[in-house]
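For reference, the structure discussed in these notes is given below.
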Amino acid sequence: MQRKVTKAVFPVAGLGTRFLPATKSIPKEIMTLVDRPLIQYAIDEARAAGIREFIFVTSRGKSALEDYFDAAPTLEASLRKAGKDDLLELLKSTNMESGAIAYIRQQRPLGLGHAVWCARRLIANEPFAVILPDDVIAADKPCLQQMIESYEETGANMVAAMEVPHDKTKAYGILDVDRDMGDRVLVKGMVEKPEVDEAPSNLAVIGRYILTPKVLHNLDQNRKDNRTGAGGELQLTDAIAQEIDGQGVYGFRFKGQRFDCGSKAGFLQATVSFALARPELNAEFERYLRELVGVRKAAE
Ligand code: G1P
């Protein structure tokens, strides 16, 4: 019997330069979709999938993230005094069991592979998940849960996958498909950020992974051998690709809508979409959007 996946790594060390000046003083992961920071969506998804240990790979200037998941005694006391039980209840989603969350610093920005490698001692010899909080996925069944269910049938490495426009392949890890089984595809090659004419397909890796500890071993070896990949960084994609002829790699076409919250346009789309999905905002917001579009059309 393979081990259950109970640990997840959240690489959150990035500088978030695309969102400057906002990210001058707040971590990108604390930026808010409606009323919840990006990181909350990632944590909720992980919890729903049965993750019990949360490993954050952070960097200088990210202490607001640590505070977010800490108890807030003064705030809680004043809410209690004011009888605001609904708000107290809301705060519960930010509570972490003592010892369930760990923070590791990535001292230098040497790549996503390096960030995951930084968490190696906490992961030890277990399968683990990686969640990139920039990729927000709205789904009836949370994406990571869909993946864990599929992973339990194979026990092999698995990456979330989605078709992207051909001219966008340079922004992603791209899969070369051996066998297409619908939801699941067996992978025979993986390339990080290929040029358009070198991309083996338009099936892109999205920021959810379930990995075997062997991938950590590969990262370790690649690091020792100075085997860097795209952008001169230690790439996670490369360490996973090394398992194609080992423990195997699958792509998983999840059901759901993915928003690229690492870009401004994607962040705005997610904001609109999540606001429309909120019962308390839906009517007013939809009316506003209709008016806005109507006014634009009339002006044309
Ligand atoms: C990372 C991965 C890439 C993947 C992407 C998904 O790239 O390296 O393989 O396709 O996330 O969002 P990044 O967006 O960090 O450059």
Side-chain angles (χ1 to χ4, degrees), residues 8-19 23 27-29 38-39 41-42 45 56-59 106 108-119 129-139 143-144 147 157-177 185 187 189-196 198-211 215 218-219 222-223 227-244 249-254 256-267 269-270:
V9 180
F10 301 79
V12 289
L15 291 175
T17 47
R18 277 196 258 176
F19 286 94
T23 45
K28 178 175 63 171
E29 299 75 18
L38 275 188
I39 194 67
Y41 292 87
E45 184 180 329
F56 283 54
V57 183
T58 69
S59 59
Q106 184 190 25
R108 277 176 297 151
L110 299 177
L112 178 60
H114 181 265
V116 172
W117 174 83
C118 286
V130 177
I131 296 189
L132 309 186
D134 271 3
D135 282 331
V136 175
I137 300 174
C143 178
L144 192 65
M147 287 174 73
N157 295 284
M158 181 169 276
V159 299
M162 178 183 119
E163 264 82 22
V164 297
H166 282 278
D167 61 345
K168 295 280 188 297
T169 49
K170 206 184 163 8
Y172 297 94
I174 299 291
L175 302 180
D176 194 357
V177 176
V185 303
V187 170
M190 275 176 98
V191 201
E192 180 67 12
K193 305 203 166 75
E195 294 298 337
V196 178
E198 280 161 23
S201 75
N202 68 330
L203 191 59
V205 177
I206 300 301
R208 303 287 182 278
Y209 308 75
I210 298 173
L211 302 174
V215 172
N218 297 345
L219 282 170
N222 293 348
R223 189 184 149 274
R227 224 180 295 150
T228 50
E233 296 182 335
L234 189 64
Q235 292 293 352
L236 185 58
T237 297
D238 298 343
I240 300 171
Q242 285 167 288
E243 284 311 301
I244 289 173
V249 180
Y250 288 94
F252 181 78
R253 288 196 185 92
F254 55 93
Q257 189 178 3
R258 174 252 184 180
F259 297 94
D260 173 13
C261 289
S263 79
K264 284 179 201 165
F267 201 98
Q269 286 159 17

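For the single chain, residues carry numbers from 1 onward in sequence order. Start at 1 and go down the list; that is how both ligands and their atoms are numbered.
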- Going by the salt bridge (charged side-chain N to carboxylate O under 4.0 Å, His left out) test, which pairs reach into residues 161-171, not counting sequence neighbours? Glu163-Arg253, Lys170-Glu195
- Under the side-chain contact (heavy atoms from CB on, under 4.5 Å) criterion, do Gln242 and Arg227 qualify, and how do the steps go? CA-CA 12 Å; Gln242 285 167 288; Arg227 224 180 295 150; 3.2 Å; yes
- Message: My understanding is that only residues two or more places apart in sequence, or in another chain, count here; which of them pass side-chain hydrogen bond (donor to acceptor under 3.5 Å, both in side chains) with Asp134?
- Response: Lys28
- Sequence-distant partners of Ala241, side-chain contact (heavy atoms from CB on, under 4.5 Å), two or more places apart: Met190, Ile244
- Item | side-chain contact (heavy atoms from CB on, under 4.5 Å) evaluation trace for Val116 with Val215 | CA-CA 10 Å; Val116 172; Val215 172; over 6 Å; no
Dump all N/O pairs between ligand 1 and the protein below 3.5 Å as a table: atom names plus distance, one pair per row.
residue	atom	partner	partner atom	Å
ligand 1	7 (O)	Lys193	NZ	3.3
ligand 1	8 (O)	Glu192	OE1	3.4
ligand 1	8 (O)	Glu192	OE2	2.7
ligand 1	9 (O)	Gly173	N	3.0
ligand 1	9 (O)	Glu192	OE1	2.7
ligand 1	9 (O)	Glu192	OE2	3.4
ligand 1	9 (O)	Thr237	OG1	3.4
ligand 1	10 (O)	Gly173	N	2.9
ligand 1	10 (O)	Val205	O	2.6
ligand 1	12 (O)	Asp135	OD2	2.8
ligand 1	16 (O)	Lys193	NZ	2.7

- Query: So, Gln235 side chain and Ala230 main chain: donor-acceptor pair closer than 3.5 Å or not?
  - Reply: yes
